[in-house]
Each structure stands twice: as C-alpha cells, then as structure tokens.
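Atom set for the values below is all heavy atoms of this structure, side chains included, hydrogens, waters and symmetry mates excluded.
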Amino acid sequence: MNAARQNRLNSFAAHGALILYTLIALFPVFVIVINSFKTRKAIFREPLALPNSDSFSLIGYETVLKQGDFFLYFQNSMIVTVGSLFFILLFGAMAAFALAEYRFKGNTLMGLYLALGIMIPIRIGTVAILEMMVQTGLVNTLWALILVYTAQGLPLAVFILSEFMRQVSDDLKNAGRIDGLSEYRIFFRLVLPLVRPAMATVAVFNMIPIWNDLWFPLIIAPAEEVKTLTLGSQVFIGQFVTDWNAVLSALSLAILPVMALYVVFSRQLIRGITSGAVK
Amino acid sequence: MSDAHTKPKIRWHIVVFLAPAVLVYTAVMIYPLFNTLRLSFFTEVDQERVYVGLQNFHTLFGEPVWSEQFWNALGNNMWFFMIHMLVQNPIGIALAAILSHPKLRFTSFYRSAIFIPTILSFVIVGFAWKLILSPIWGIAPEMLGAVGLKSLYAPWLGKEAYALTALSLVSVWQFVGIPMMLIYAALLSIPDEILEAAEVEGITGSSAFWKIKLPLILPSIGIISILTFVANFNAFDLIYAAQGALAGPDFSTDILGTFMYRTFFGFQLQLGDPHMGSTIASGMFAIILIGVCLYLFGIQSRMRRYQF
Amino acid sequence: QDVTLTIESWRNDDLAIWQEKIIPAFEAAHPGIKLNFTPSAPAEYNAVLNSKLDAGSAGDIITCRPFDASLALYEAGHLADITGLEGMSNFSPVAKSGWSTDDAAVQFCVPMASVIHGFIYNKDAFAEVGVDVPKTEAEFFAALDKIKEDGNYIPMAMGTNDQWEAATMGYNNIGPNYWKGEEGRLALLAGDQKLTDEAWVAPYRQLAKWGEYLGDGFEAQTYPDSQNIFTLGRAAIYPTGSWEISGFNGLADFEMGAFYPPVQNEGDTCYISDHTDIGIGMNAATENADAAKVFLNWVGSPEFATIFANALPGFFPLSSAPVSLDDPLAQEFISWRGECESSIRSTYQILSRGTPNLENETWNASVAVIKGEETPEAAGQRLQDGLTSWYEPHK
Amino acid sequence: MTALTLTNINKSFGSVEVLKDINLTVDDGEFVVFVGPSGCGKSTLLRVIAGLEDATSGTVSIGGDVVNNVPPAKRGIAMVFQSYALYPHLSVRDNMALGLKQEKQPKSVIDERVGKAVQMLDLNDYIDRRPSDLSGGQRQRVAIGRAIVREPKLFLFDEPLSNLDAALRMNTRIEIAELHRTLSASMIYVTHDQTEAMTLADKIVVLRDGRVEQVGSPMELYNNPANRFVAGFLGSPAMNFLKSAPINLPKNGTLGVRPEHLKLVKKGRIKGHVTHVERLGGDTNLLVSTEQKEALTVRLFGQDSTAIGANIELDFDDQRAFAFDADNNRISH
Amino acid sequence: MTALTLTNINKSFGSVEVLKDINLTVDDGEFVVFVGPSGCGKSTLLRVIAGLEDATSGTVSIGGDVVNNVPPAKRGIAMVFQSYALYPHLSVRDNMALGLKQEKQPKSVIDERVGKAVQMLDLNDYIDRRPSDLSGGQRQRVAIGRAIVREPKLFLFDEPLSNLDAALRMNTRIEIAELHRTLSASMIYVTHDQTEAMTLADKIVVLRDGRVEQVGSPMELYNNPANRFVAGFLGSPAMNFLKSAPINLPKNGTLGVRPEHLKLVKKGRIKGHVTHVERLGGDTNLLVSTEQKEALTVRLFGQDSTAIGANIELDFDDQRAFAFDADNNRISH
Ligand SMILES: Nc1ncnc2c1ncn2[C@@H]1O[C@H](COP(=O)(O)OP(=O)(O)OP(=O)(O)O)[C@@H](O)[C@H]1O
Ligand SMILES: Nc1ncnc2c1ncn2[C@@H]1O[C@H](COP(=O)(O)OP(=O)(O)OP(=O)(O)O)[C@@H](O)[C@H]1O
Ligand SMILES: [Mg+2]
Ligand SMILES: [Mg+2]
C-alpha cells in the first residue's frame, strides 16, 4: 500500500462502508443459501439459524437433481445466455461504433430508433414473436431464445457502448487508418479491445435478465430438451404447495453459473486500459 | 441508407456495421412490438377485430374505472423512479467511487459481493425479502430488536403507506450493482495522470470526486439516469413476484407495468384484453419516449464527452 | 405410429402424480397414445396459454380454468366443442356448468375436479386449549377468543398480503351460509339481489371481526406463510379449502380435522362452497383430435376419477360415479356434500366478465374489510356500483 | 514530379479559421519542415494532408492525383502523431507490425523491418512491453518506428523527437536524414527545434496564424527572411530587433541583427551593460540592455568570462543586418 | 538549509529496478536539472519526490522533514506532468484556479495569480477554452501555468517546454528563470534540451540507468566530466571520441574532443574528409570521416563554405581534450 498517498483513516472508512454494504447485499443471499441446506421445518422455524445436525438436509438438492434433467437445463441456459451475449455484444458494438464514429445523415434518428426497444416491454410483442417463430419453425429451439434475447439486448448495448466508444481517442483511430486498417479492423482490433470495460458491463447487464427469464422459455421453448434452468426450477413452485426446499436449492444452484459468468466478465474491468496511448 | 445516393461514395462499412443489429432488432423486436401497439386502435366485437380509432384511449383516460387506475399507477411509478434516483444511483456512484480507489485492496471481492443481488432472479429476491420482512418469521423484527429499535417495525409490505417504498428499496437493493458497474467502468477510464495532477494540488478524496471525477463521469450518470427511468417505467417483475398481479395492498404498489400486464394478459378471472393492454402500453411508450427525447435532446446534446 | 398428446396445465403440483400414476394407467390401457404432461407456473398459465394458442404452438390437451377464462377460449375457437363426448354423460349439470356456454348448449371441457371450502384445524391445539369444533358462528368466535386468550396458538392462520385468500377462504367460504348458496347466487346473477343486500354484506361483517384473530402483521403475511404457520403447529385454525389436504398431509406432524363454515343459528341449513375448479379440454387446432377424444373420454370415466381422487386427496372428482376416498380428512370434506347444500363461488360465473372485475374487487374488498380500512357496507356499495356499471341485469 | 500539391487549402473549426489559403508544393524526395508558433496550424495541416481532416475548401494532390476523397490508408503516407497515438493494448512489436500485417506482408518482411526499426530506435529491451509501461521518450520512439516500418512514399512527422534526449535525438535525426536519403521518400516534418529544421530541411515552410509566411531552403530563410516574423523565428537565440538603431531606417522601422553577428568591441555603435550571462559550454550568450533600454542578445563562441553588470560596447557588420519597415516587411538593400 | 534530500532511494517496478541508490541534496532556492537518456528514470524520480510513487527503500525529506508518509499535496510542491494531465472538463482559467480554490484562497488572490500566469504564458486568447480545443503547445503552457499559480516551495517540471516553439520556449525558459529568482523556490527540472539544462541549472544531475552519474554546476560538468558518458551527454553536438588518437592514451582508452575545439588547419594531427555539412545559420557542423575511419563532428562558428567531400586537416588544443580509460572513466591530467 502506498503510505504517502493513502490516509489510513480514509482507507478504514472506505473498507467500513464497503463491508457494511457488502453485508446488506449478501445478507438475503446468505439467508437463501443457508436455508437451502435445511429441512422445511427448520427453514420456517428459525430462518436465521445455520443448519445444524438436526436441521441439516439435502432434500431440496436431491429433489432438484431427481426432477428433470437438471444438467441439460443447465447446459441449455448456458448456451442461450452465452450465445445471446455473443450476438448482443458483436452486433451491438458494431452498431454503436457506426453511431459513435461516423457522421451521416440520420445518425441521431438511427440512434433513437435503436433505443426505442428499451422503452416498451418486449413481452407485449409475445404473440407476434411466437407466431414468427412458429412460421420459421424455430419454436422449441434454442435459436428462438437467442434471437429474442439478442433483439431485446441490443438497444441497451448500443446505447451504452456508443457512449463509451466516443471516448476512444481519435488520434488512435486515425493512426490505425493511416496504418491501412480498414474500418472493420479499426473496430475489431483497436476500438473493441479498448472498450472492454464497457463491453463487460453490457455483458453483465444483459446476462442477468437472460439467465433469469422465465417468460420466453415458457412460451417459445418449453419443450423438455430445450428447457432452461429457470424454467426447470419453476416446476417446484406450485399452485398451492410450493416445495421450498427444492426452490431454494434450485435457486442457490442457479446463482453459481451466473456468478461465474460475472467473474469472467468483471475481469475485463481493467484500470487504465487506454493509458499510454496518448501523451 | 437514404443518403447513399447523395454522397460521392456509399460508405458501405456504415451499412455493414449497422445492418446486423438493425435487422435482428427490427424483425424480432420492433415489428412485433408495433404489431401489438397497433391493437390499441382496435377492439373486439363478437370475435371480430374492429377499428375504433382513439376510442380505447378515450376509455383509458375518460372512464374513471380505467383512468383512476392509470393515474394511480403512474403516480406510484413516479415515486418508484424517484426512490431509485435518490437512493440507488447515489449509492451506486458512491460505491463505485470508493471501489475505484487505485490502492484499495479486495475491491474485486467487494464488487462481486455487491453485484450478487443483481444477478438473482426476481423469484428469489421476492422470496428472500418477504421472508426477511415478514412479521411471522421475525428476521427484521428480531434484528431491529437487537439494536433496540423494535418499535420501528411494521409489516411494511402489507401497509398501503409503506409497501411501495419498501418494494422500491428492495429493488434498489437488487439493482444498485448496475449504476455501480457503469460508473466504475467510467471511473476506470479516467487517466491516472489527471488524478495525480489533482493529488499534487491537494485535490484528493472527496474533493477529487466532486471536482474531477464527477464532472468527467457526468455522461455516464446521464446514461444511468435515463436507463433507470426506462427500467422503472417498464418495471413489473419484482412487484408481480412480491405482491401479485393486483399489486396490493389496495393497488398501492400498482405501477404501469403491472397495470398493463394485468390488463393485457388477464389475471385469474379477469380476461386478457390485448386492445386495452396495448393502449396502456402505448401510453407507457409515449411517456418513456418523451422522457428519453427530453434527455437526448435536452441534456445529452449539451453534455461534453472527453476523449482520453 | 404412436401419437403423443401434449397436455397444457397450470398444475405444477400434480407433475409427479401424472407421471407416476395417471399417465402409466392411461398408456397401459391405450397403446399407441403417449402423454406428455407439461405444466407451467400457475401465475403465468393464462397468459402463456393464450399466447401459445394465438400463435398455434399450444399442446393438444388444454387444462381448463372454470367459467369465463375457458369460455373465452372456446369463443375464440381455441377449445373444441366436445358436447357429444360419451364420457360427458357421467357428469351432472352443475358439474358441467363450469365449462359450458351460458345457455349450457355447448360443452368444451370435461369436468375434472372440484374443491370444497371449509376450515382445517389442529386437533392437538383444540384439545390443549380445550375447545370443541364450532357449529355456530357464536361458538366459532368463542373458540377463537379462547385460543387467543390461551396465547399458545395464533387463533387463525391467514394473511392479506396475497389478497385472494381473504376472498376465497374468507368471503366465499363463509358467504353461502348467508346468501343461501345457489339460491342467492342465481338471484344475484338475475339481478334480483344486490351486493348491498344484507345477505351479501353480512359475510363482510363477519370478516371484519377476523382481523383481531390473525397473527401479528397479518397484513404482510403471504399465503405460503399461512400454510407454514399452520403446518408448523403455530396456528389453531386455518380457513381453507380441500386442495390443501394432499400438501398438508406430508407436512403437519399433528392431527388435523376439518369443519364446515359455522351457521348463524343452531339448526340452520349449512351451505358449502363446492367449487368446480379443474376441467380438461381439447385444442381445436390439434392434429390428433381422435387420440385427444380418446383421452378425454378416459378422463370422464370412473377409472380416472378413482385414480385422481386418491392420488390428489382434496381434489374431488365431479363424476357422478361414486368414488371412495382413503384419506380421512378428504373423506371428511366430501362428506359435507351429504350434510349441506353445495354452491360454487359467487363471482365466478358471468359476474367477472366486465370492468371492474368483480372477482378482483372482491379480493380487494375482503382485504380492506379485514384490515378495517373499509366498512362492510361501504365495501358492498363499492362492489355493487362496479357491477351496476357494466352488468345489464343490475342497471 | 511533385509528391504533394496543396491548392488553396482552407480549414475552419466551426467559426475559427485555422488554415487560410495554403498553397504548397513538395517535390519528390524533398524534405519539407513546417515551423511556426504553437497553435499556428501545423498539426492541422498535416492532418489535412493525411486525410484525417477534410479541408473546408481546396485540393490536396499526392503524386499527381487529387486525393480529397481518398482514405488515409490509400494515400501512401505514414504519420507520427504528436500525441503518439500508440495502440495501448498491443506490445511495442505489435504496434509496429500491425500496419504491415494489415498489408499482408510476409512474416519475414515484417520481422526484418520491425527488427531494423527497433535497432535504429534502440528499443530492443522494450519490444514486448505495452505503451503504458514505457517512458515518454520510449513511447515516442515506438511511434516513429511504426511509421518507419511502413516505408511509405510520404512521411508526415508531427514533432517526432520532442521527447528524446539529446544523444538519441541526434541519432534519430541522423537516421531520419539517412532514411530520407535511402528511401528517397518525401517527408513533411513539424518541429520546434532549430537544429532539426535547419539540418533536415530541403525546404522550410514558416507558418503563422494559419498562413504561409515564407517558403525556402534553410539558408535562404536564414539569410533572406521576407519579414520580421520569419527573421525572428529562425535562429537561436532569436534575432535582435532594435527600434533606435545606429543606421538609417524608415519611420517606425526596425533593425534586425542576429546575436552571433554582434561583436564585442572597444568602441562600437551600441553601448550597454550585461544583465545576464548564459553559459552553454560551447558558446555563451550575453543578455544586454542598451543605453536606449532595449534588450539584446549577443552570442559568443566558446566560453566567455564577461561578468553580469559589465559595461560593453557592440558593433555589427551592416551587410549582415536587416532592415524592416513599419509593416515589418524586409527592406532589401 | 536543504530543500530536498534524497537518501538511498531505490525503486523497482516488479522485478525491474528503475532507480538505484539515489542520493541527492537540493539546497533552498537551487535550480536542479535532471538529464539522462530516455527511460533512465527521471520521471520516476520526480514522482518519488512528489509522493506519487513510493520508493521501494530510502527516505525523501523536504525542508528537513522526512515526507515518506506525507501525501503529495502536503509536501509543498507543484508538478508539471510530461503528459500535461490537464482537467479535460475545465476551462484554461479553471484548470489553473482549481488548486487555489481547493486551498480556499480568496478570489482576489486567485484572480491575480491566474492573471499573471496567463500573461506570462501568453494564454489570454484561450482562457475560456477547454484543453481539447488547444494545440499541443497551448496545452503545455496551461500545465505550466497550473504549477506556477500555486507558488510552491519546490517545483517539479517534467520536460515542460518540449512542445513549445523556439520563441516561446525561450521566453518561457527566461520566465522560469525569473520565476526562480523572484520566488526563490527550489526547482527540479527534467529536460532533454542542452540549452535549457545549461542555462537554467544551478546544478545538473546526470542520470543513467537509474543511477546518478555525476552532479555539478553546468560548467563543471561541461569542463570536467567524470566519465565518458557525462562528457558525451552534455554538449551539442556531442563530444567526439577517438580510439586512434594522436596523443598518449592508456590501453583501450579513448580521447574526447568537443566539436567546437577542433580547428580546421592547414596541417593538423587529424586528417579526413567531409561527409556531410549541417548549416545551422549561426554555425556550421562538419561531419568528418578520419583516415582511421572514425566519425567526427567539427563545429564552426558562422556560415562556412566547406563542401562535402573536401579533404581537411584538423587539430586541437591538448589542454581542452579529455582522456578516458578502458572503463570510460576520465583520466585527470
Ligand atoms: N478540434 C478543434 N476545435 C477547435 N479548435 C481547434 C481544434 N483543433 C485545433 N484547434 C485550434 O486550431 C489551432 C491550430 O491547432 P494545431 O494543433 O494545428 O496547432 P499546432 O501548430 O500543431 O500547434 P503546436 O505546435 O502547439 O502543436 C489552435 O489554435 C487550436 O486551438
Ligand atoms: N509502471 C511501470 N511499470 C514498469 N516499468 C515502468 C513503469 N513506468 C516506467 N517504467 C520503466 O521505468 C523506466 C524509467 O521510466 P521513466 O518514465 O522514469 O523514464 P524517463 O527518464 O522519464 O524517460 P523519458 O525521458 O523518456 O521520459 C523506463 O524504462 C520505463 O520503461
Ligand atoms: Mg501540433
Ligand atoms: Mg519521463
């Protein structure tokens, strides 16, 4: 630690504030996770107690793993999430670059057009989407979900990325132009690497609603072989009786992969990625 | 591009950059959405779809049964948004500012921990908070009791006066990670040398934040505000998961999203009415569009971006 | 060539029963037809089903909500007319009323199950506190008072957070005793009675007294909370319906009993809500109509009724054929059919077709009354005003 | 043949006119240096030539072809940016190799050219570092290397040596001169350094406020400046300007004498006292205040022992003095 | 009193040792210039002094107090960064005023100090522009202004003039010298410019590879370099080094003669031919290849007409030549 620059008191205060907020953030999650290891009675008798020899139970996890092909669901969720993110980031960044970099007629209008999508919940377009998927035979395929999520994620991605792309030094892009890089290569080789933090941010934002979405899997891909994890866990929420052990276990399990994805993306949040580029 | 002909050369790369996004987005998002919004000009009479012009809007705003719900939802939505703006975004910015301190340790741990709520599904968030706030299971009362504040406890989610605020705060809890991430990314892109120059001038800590960092991340704060606005006026899931489609108690947590959803897709014995549902959706769309345009043309165009 | 029938349902709860009992039984008897039971979460079912039907991707067999929800599907051409199905003869007109057109001319779903409302109680708690099963309203409140005084048990487990319990387990549970079951319900439908009439306001009056017997913070208590409170033995009485039985059997480690809604005065006729709840129909657009009909016929058969009723105690078959139940609590509930007059929930047929929606309003009003935020009279007046605004017979 | 022709170039940023009616020809293989005060538009002009900025009006032709609509990469140029503009995410090697890879040069060629540049610029030890781990001077060398390896027809250098130390600067300067000779490429070079300008240039272009003040060979400009601005701008220390001169001048005219042309004499036409002495080792500058309270610089070869405060007398050869009229234009003898 | 004392300063980035056992004293009011090849650690040393970088070991004391644990702002310093580091969102005026506002100086003081700096740096026309609308040189002046207005006890300048044009550089250099005199502040100044180093410095510190090679007044270093590195680093053009010398040298020793000390003579000890002529106006450099194929530079005062290819003979004054042993250390006579 840098002694001259770091005020000990300040750093205590900073850690204090962060620890406090971390506790607030994690407490409910903690409640969920510890309770997923308890019997149903213990969950509701003493929701705050850690599992002990009496209350410890893996019944929830057993139910989850027994019911349906949990690993297949998991794989489907992964494919859909990663696939959608790939297209969102690729297409979104391309469009954002066009909007941020070039002055052309209709630039602002195009920006607005691409932003329209964040203003209406896509759910109300469900029937039309479903009809389209039925017509193209994409119903009950993972592609249908990927397409929908890609479309759904694009507006936000374009919006955020174009903002960040405007911060990339013009001289740098110009150096690339003089080096003979085509506009495409300038985009892929120079701009994309430099907006990695923003890409990571967009990826994280989009990953969550995609991973957690229940609606579209339920409607356009409910078949067993393309079920997603969230849809799979939904089985435990009944009309009148909810298998809380199973729900808690399924949800606890479902946190892990998103957490892993998050960690992957948040590695891209690198300090000073552009430093040294320009004087 | 429409201007292609007037230019000496078509800049094909612009087309190529825009095409995939525009195509997918138009086909899978805009077309279905507008196909649905179109329904707001129709109604169903004896299984037939008939064009009724602005009749539905007239119903929505003219008939008390509808308009009262609409204004109630809009008002609640405003409050929902206010709380996010006043609580979520400042906290997010503050956390990002602390985290972006160059020499602070364990930042990635904190960052991940604080972000965890954001990656949880609404089902789990709804469940966890209902359990915590529940008068029955006693977590919140017990914890308040531990610091001698038990008298402050009330079954918040069940009281008209508190339910919306309580849920807004839960939503804040869940989504604080988003402004935090965005601001954090923005803070990272400020060159170290500028901060060092400030440091030499004695501008450190909070004054570095207010005088240097904040102005430099204003564009990002602008984005966050508009994203919060859009997200809040589209919000639906949390309230639905916690309070059900009737957004109780007594519609005190009803926001435009739940109102629209209930109307569009129906609920329990209430049949779905795509026409009135689309009408509400169009109303929401108009509100959001106005907000976004105000931002784009009123604020963003005046904001300067800095190249680093 | 095997045909596979896909069944749309909101009954996640029944997944295991279908997979382990019903499907094997059917497939054994009908080689060549396979069943695929694909339930979705109840909260989303209506929306999901409607979307799928509109887009043409729905399954062959549709589980039907009672009354208007299914009627609308039929009118939109999504549910097939199955009036002529042989199995339909096994059902009484009341049983069929949930899934026929208003004039009862066309039948579009096979009735599958009904649920009976009442109160489940904790026998151990009653013994401990020393109260007997109440027969009249006075005894009912006396019992509640005594339990409350005793202090070991929450007198009654119910919350208002989810709203529907107040209406379904409250108003529609105790109401038929006041409006005399079908008599009052049909009079209301015809416009001969109004929601401001004593018969319709009185249940609210009783509800208004419930508030003080509910647990602390009942305003924020959810339905699962109530279930848990009761099954964990913390509450004495649980206003409910027979649908809880199968779930509770595995959860409660005390003995449970049940009583029907106490009457006003000793010797009055008792009325119970015996509500047609689940039906099953055929997607009009199915390509496997023949197989679907075979299946629906089987659902109408006594064989199905027996399997279903015993697999899911608390969901009572609507078939006229007698069914014997192994579960004592379920047997208790179904025995009331002989003791009392049956009726269905007052708001379900026709009355919830307009805006404002009477069912939703009833939820809201029941909650408000329990919480003491609205007087019973005001609640009645509000509901009546709403109804008058769109329902011709009341104008 | 002409390597570059600029015809009536104008450039405005909004309402600010930055370049005003620039006309210029650069011959094949010529080394042209742009000098001028900070903010006069040198970088902007380079950027217009490179195609990074569109001229508001006027034409740019390179190798005889009008290139106004040709993208930078197709203009056959290489540019060293004043701000370096290194690719921050690439190593030194990749920074240099990127353009060549883009041209699909075979690996052997890339390695060879990069190797040569690295050698020349003394970057061997840093070849795998990223720009953020380099010192200012190292970054600048990478930027130069990136241009060199492309072996273009026309080089554009925007103050390429300003962060290098004297030794390296001299080496690189000589390398650039050699590069110029061996590649026979045309070069346009912006600098603030007198030595660079004088030694490298075939032709110096003096800019001022977006206008060309004078164009010519270094010695031409040094010996025959068209006006007071050019006279004062070239030469270090700068030319002395005297209002109250010991020779005939038009009204409000000025006399210009270069510091090295002032001689310390027993009896001279100019009298004054020494206010400051700058000892540079190889030569010594005396700062003098004349009797008329005008400031003068005198440059003496070698180390001189004149002390501050000393009263001195100075004289100069009239043939080597310049006269300027009231408008600051040179009056030729 | 000493303004700054560095004791045994070491600094590593990871495994790279950038500063090695630096010891240095700066007296009150002294002007110290750091010179050294690019990448030798000058900026890093400044940053250690400023407190922006922690020394791996060693102590920094300013004004007698050990400041290893004192934050930069409390060290009473101002720094001009090599990369300018201007606040992009503030106007020129606010860039300068921010630090003062932070110190809660009254508005009148702020206005006055900023006004003076603006005047001195010729920034009047740009006072309300943002950095992004300024040219490179203009930005650099703003950065200098920002340091000046703080009136600190110790100034740290990292190549502050490298982007200025000759005239402005000279002016600013003189202003800095004057600033130094009037403020009686100590200054540490990194530069690559010989003239700046020689004219400004009270003391020059020559760094090489993170080590101090020699410390002394400009003339001391110029006339008495401790080793070949220092001898070669100071002086422009650089000193000539000859292996095959016409005087007695130890085995593997080197003879050093400054270009200005070589004289063109009829008959001299060194013979060669001219390979290149650099005409700087005020003086002329001849690049010569000797009979022994060694390269030499000869600096002649004024304009000389010697042509490329001419055969010439050279001689020098033995008193002014330097001899270095095999280890490149100076052999004193
Ligand atoms: N994007 C811009 N918008 C407005 N004015 C600008 C812009 N870029 C440059 N200028 C102005 O144009 C003028 C010329 O700038 P330019 O960078 O060409 O100067 P320069 O001659 O290269 O100076 P230096 O030697 O200091 O680098 C300056 O006054 C500058 O402030
Ligand atoms: N963050 C860093 N990590 C690793 N190495 C570094 C870092 N910063 C600087 N260096 C290295 O340390 C050495 C000294 O750098 P420094 O910036 O002090 O040089 P300098 O003397 O200022 O050079 P210049 O005159 O070119 O500015 C260089 O070799 C540089 O590559
Ligand atoms: Mg420039
Ligand atoms: Mg440096």
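No side-chain heavy atom of C:E373 sits under 4.5 Å from any side-chain heavy atom of B:P249.
Expressed to the nearest 0.5 Å, how far CG of B:L131 lies from CG of C:D225 amounts to 7.5 Å. The distance from the NZ atom of B:K159 to the NZ atom of C:K371 is 7.0 Å, given to the nearest 0.5 Å.
Both the backbone and the side chain of C:Y348 come within contact range of chain B, with heavy atoms under 4.5 Å apart. Contacts between C:A69 and chain B at a heavy-atom distance below 4.5 Å involve backbone atoms as well as side-chain atoms. Looking at B:A163, there are no atoms closer than 4.5 Å to chain C (heavy atoms on both sides), in backbone or side chain. No part of B:F264 comes within reach of chain C, as not one of its non-hydrogen atoms sits under 4.5 angstrom from that chain. Only the side chain of C:N364 has a heavy atom closer than 4.5 Å to any heavy atom of chain B. For C:S51, the part lying under 4.5 angstrom from a heavy atom of chain B is the side chain only. Contact of C:Q163 with chain B is made through the side chain alone, with heavy-atom distances under 4.5 Å.
In terms of heavy atoms, C:N161 sits closest to B:L157 at OD1-O, 3.5 Å.
Residues of residues 231-241 of chain C lying under 4.5 angstrom from chain B, judged on non-hydrogen atoms, are C:L232, C:R234 in numerical order.
Of the listed residues C:T222, C:I229, C:L358, the one with more heavy-atom pairs under 4.5 angstrom with chain B than any other is C:I229. Ranked by heavy-atom pairs shorter than 4.5 Å toward chain B, the options C:V367, C:T355, C:N50, C:N46 are led by C:T355.
Atom OH of B:Y31 has 12 or fewer neighbouring heavy atoms from other residues, nucleotides or ligands inside a 6.0 Å radius. In this structure, C:D385 places its CG atom where more than 12 heavy-atom neighbours from other residues, nucleotides or ligands lie under 6.0 Å away. Atom CH2 of C:W390 has more than 12 neighbouring heavy atoms from other residues, nucleotides or ligands inside a 6.0 Å radius. Summarising the local packing, OH of B:Y162 is surrounded by 12 or fewer heavy atoms from other residues, nucleotides or ligands at distances under 6.0 Å.
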